[in-house]
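Structure, as structure tokens:
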Amino acid sequence: MEFKIYNSYTRKKEIFIPANPNKVTMYACGPTVYGPGHIGNGRSAIVFDCLARVLRFKFDNLVYARNITDIDDKIINVSKREKVESSVIAKKFTKQYHDDFKKLYVLAPDIEPFATNYIDQMIKFIDNLLKNNSAYLSDSHVLFNVSNFPDYGKLSGRKIEEMKPGARIEVASYKKNPSDFVLWKPSPENEIGWDSPWGRGRPGWHLECSAMIKEHLGETIDIHGGGEDLTFPHHENEIAQSVCCNENNPLARFWVHNGLLRSENTKMSKSLGNFVLMKDLLKEYDGEVIRLAILSSHYRQPLIWSNDLLNQSIKTLDKLYLSIASYDLEIDIEDCNPDEEVLSALYDDLNTPKALAKIFSISKSISKSENKINLVKSLIGSANLIGLLNHRSDDEKFKNNIYDTDEKIQNLIKERKLARDNKDYLESDRIRDILIKLGIKINDK
RNA sequence: GGCCACUUGGCGGAGUGGUUACGCAGCGGCCUGCAAAGCCGUGGACGCCAGUUCGAAUCUGGCAGUGGCCUCCA
């Protein structure tokens with residue numbers, strides 16, 4: 001079965017064939033760690049985690065890298081405010097992201113490069129660009145010379161002439177062309193910086209991805225991903241600098257962008273302040289519920305984040321677990337393979353809503369089937385492929401469930417059964433109410 | 001101003017030129033001491049206007065609405 005994915009660069013769904021089947025390469029832009037991540041960051045991580053899982057299933061030897069931007073003006077600003085080193089801020093929020101991602105069942109990427117570990121590579125990168133006239137020095141900054149790259153704007157579908165310079169941000173005076181972007185900028189004495197041929201300073205935002213991709217994955221990678229909001233200017237700039245640095249080799253064969261989350265009618269974003277933090281959400285909802293909510297819509301569609309969506313996901317997930325409860329203990333996880341229809345949905349541009357529809361229908365068919373175990377295997381195999389149904393009926397997670405081994409609760413259940421046997425329904429219903437208050441659902445039979 | 005995307009039932013959300021998506025919620029029934037779960041059944045949709053076609057929610061054009069981007073963002 002072939003794997004198809006929508007390529008933002010060509011604006012078409014295309015069959016994905018890796019350039020080198022022995023090493024499939026994917027890079028996704030990770031977060032800048034200057035504060036706790038919101039659920040939009042979570043969506044991106046979940047989408048590319050899901051893509052990585054499916055690619056791993058289809059191809060051997062996927063190398064998936066997702067970076068952490070640990071040097072940036074925003075981090076520096078926070079560090080000034082908190083009066084600590086910027087590395088302290090970066091470390092703190094890297095840990096927060098890791099914790100959040102783990103709870104969302106996002107697997108660690110194969111490589112997680114930190115920008116500050118690649119300063120040397122970035123300096124070399126800039127040096128290369130200066131040598132071939134793709135960059136210039138101006139007012140202690142090194143800038144990328146956009147006019148030297150004719151394909152600039154191709155990814156985001158815009159022409160330099162059509163852009164309205166300074167529409168939002170004032171054009172810096174040291175730029176030859178408003179679209180030129182910073183590769184290296186000077187750092188004041190009291191701020192973090194590294195020595196370079198152009199003085200003490202720090203790299204521009206876009207550079208790290210290009211340098212780290214080149215270092216770990218090569219000059220041309222199979223898939224480059226990130227949020228839709230990174231298309232311009234971030235990815236456009238990455239392409240420009242990488243292509244110019246690497247003798248016109250394309251940076252990525254496929255570009256994959258996830259749609260943005262919205263709160264009501266506007267996009268959720270840090271600058272608008274209308275975001276929901278992952279850590280706050282995770283206090284109220286199970287990570288698997290959040291993951292299901294995210295995967296219930298196609299990754300390229302905008303998704304309106306709401307409590308309704310979450311509450312629906314709770315019910316749906318409950319039912320999925322209920323349908324496999326106890327049967328799942330009889331099977332070996334190794335034997336669980338995804339259903340063919342689920343697979344073909346996922347192979348078709350990662351159509352998770354369609355895959356979930358099939359998962360639900362398998363789940364529904366279990367109770368009336370003669371061959372329950374096979375269906376349970378297929379259900380778990382399918383759900384696991386997209387990072388769902390990670391728990392078994394006897395897991396800690398279900399402590400507060402009918403499978404609870406807690407003595408007090410088991411006794412209550414026994415007492416209730418006794419009352420029912422004696423047809424003392426007043427008493428049995430009273431105990432049921434207690435159990436419900438303890439978060440335990442009673443399913444007779 | 002330029003570029004791009006989207007618009008499906010109460011809600012979420014796929015898909016297809018002609019046949020039930022699916023889930024949640026609803027309604028009727030079976031089961032149950034009563035519930036829950038399960039089972040059986042059921043109503044309800046493709047933004048508007050034209051065009052192409054034997055046939056369009058699906059293709060084309062126009063219109064409207066919503067949203068995104070035009071150097072902070074996943």
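Note that this is a predicted model, so its numbers are computed, not measured. In what follows, every chain begins at residue 1, and chains take the letters A, B, ... in the order their sequences are listed.
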side-chain N/O A/Lys364 vs B/rG23 OP1/OP2, d < 4.0 Å: yes
Set of ring pair (Phe, Tyr, Trp, His ring centres under 6.0 Å) partners for A/His235, sequence neighbours left out: A/His224, A/Trp255, A/His257
Span that lies between the C1' atom of B/rC30 and that of B/rA14, in whole angstrom: 32 Å
Nearest-Å distance once atom P is located in both B/rG68 and B/rG29: 47 Å
Euclidean distance, atom CG of residue A/Asn307 to atom C1' of B/rC11 [Å, nearest integer]: 14 Å
Touch class at under 4.0 angstrom, heavy-atom based, for A/Ser361 against every strand present: nothing
B/rA37 and B/rC27, which share atom name P, separated by this distance in whole Å: 13 Å
Atom C1', compared across B/rU16 and B/rC11: separation rounded to whole Å: 23 Å
side-chain N/O A/Ser367 vs B/rC39 OP1/OP2, d < 4.0 Å: yes
Separation of the C1' atoms in B/rA36 and B/rA45, to the nearest angstrom: 31 Å
Touch class at under 4.0 angstrom, heavy-atom based, for A/Leu303 against every strand present: sugar-phosphate
Distance between C1' atoms of B/rG9 and B/rG15 (Å, rounded): 15 Å
Sugar-phosphate, base or nothing in reach of A/Asp73, heavy atoms under 4.0 Å: nothing
Touch class at under 4.0 angstrom, heavy-atom based, for A/Ser428 against every strand present: base
Base of B/rG33 paired with side chain of A/Asp429 (donor-acceptor, under 3.5 Å): yes
Contact check, side chains of A/Trp305 and A/Val276, non-hydrogen atoms, under 4.5 Å: yes
Touch class at under 4.0 angstrom, heavy-atom based, for A/Arg432 against every strand present: base
A/Ile324 CD1 to B/rA37 P, straight-line distance once rounded to whole Å: 18 Å
Rounded distance in Å - CZ (A/Arg262) to P (B/rC6): 12 Å
Nucleotide of B/rC34, B/rC4, B/rA74 approaching A/Arg11 most closely (side-chain heavy atoms): B/rC4
Contact check, side chains of A/Leu62 and A/Asp222, non-hydrogen atoms, under 4.5 Å: no
Listed nucleotide nearest any side-chain atom of A/Arg158, set B/rC69, B/rA14, B/rC22: B/rC69
From B/rG13, B/rA74, B/rG12, nucleotide with atom closest to A/Asn258 side chain: B/rA74
Sugar-phosphate only, base, or nothing, as touched by A/Leu260 at under 4.0 Å among non-hydrogen atoms: base
NZ/A/Lys102: more than 12 non-hydrogen atoms of other groups inside 6.0 Å: no
Beyond-backbone contact of A/Ile294 with A/Ile39, side-chain heavy atoms, under 4.5 angstrom: yes
Geometric cation-pi criterion A/Arg43 and A/Tyr299, 6.0 Å radius, 45° cone: no
Sugar-phosphate, base or nothing in reach of A/Glu236, heavy atoms under 4.0 Å: nothing
Whole-Å gap separating P (B/rG68) and CZ (A/Phe232): 18 Å
Separation of atom CZ in A/Arg43 from atom P in B/rG12, rounded to whole Å: 14 Å
Nearest-nucleotide comparison on RNA chain B, the residue closer to the 5′ end among A/Tyr6 and A/Phe360: A/Tyr6
A/Tyr425-B/rG33 aromatic stacking (under 5.5 Å, under 30°): yes
Nucleotide of B/rA74, B/rA21, B/rG23 approaching A/Leu230 most closely (side-chain heavy atoms): B/rA74
Gap in Å between the two C1' atoms, one belonging to B/rA5 and one to B/rG47, rounded: 16 Å
Interatomic distance, A/His298 NE2 vs B/rU7 P [rounded to whole Å]: 12 Å
Touch class at under 4.0 angstrom, heavy-atom based, for A/Asn77 against every strand present: nothing
Letter per nucleotide, 5' to 3', of nucleotides 25-32 of chain B [B base touched, S only sugar-phosphate touched, - untouched; heavy atoms, 4.0 Å]: S-------
Sugar-phosphate, base or nothing in reach of A/Gly40, heavy atoms under 4.0 Å: base
Sugar-phosphate, base or nothing in reach of A/His257, heavy atoms under 4.0 Å: nothing
Separation of atom CG in A/Asn41 from atom P in B/rC72, rounded to whole Å: 17 Å
B/rC40 OP1/OP2 closer than 4.0 Å to side-chain N/O of A/Lys368: yes
Within-4.5 Å side-chain heavy-atom neighbours: A/Asp348 and A/Lys13: yes
Atom pair distance, as rounded to whole Å: CG in A/Leu310 and C1' in B/rG23: 15 Å
Aromatic ring proximity, centroids under 6.0 angstrom, A/His391 and A/Tyr105: yes
Salt bridge A/Lys377-A/Asp328, side-chain N to carboxylate O under 4.0 Å: no
Earlier contact from the 5' end, RNA chain B, for A/Gln301 and A/Ser365: A/Gln301
Close aromatic pair by centroid cut-off 6.0 Å: A/His234 and A/Phe181: no
Nucleotide nearest A/Pro353 when distance is taken to its side chain, options B/rA14, B/rC11, B/rC34: B/rA14
Inter-nucleotide C1' distance (B/rA21, B/rU8), Å rounded: 12 Å
Plane angle bin for A/Phe3 and A/Phe16 - parallel if under 30°, tilted between 30 and 60°, otherwise perpendicular: perpendicular
Sugar-phosphate, base or nothing in reach of A/Asn351, heavy atoms under 4.0 Å: sugar-phosphate
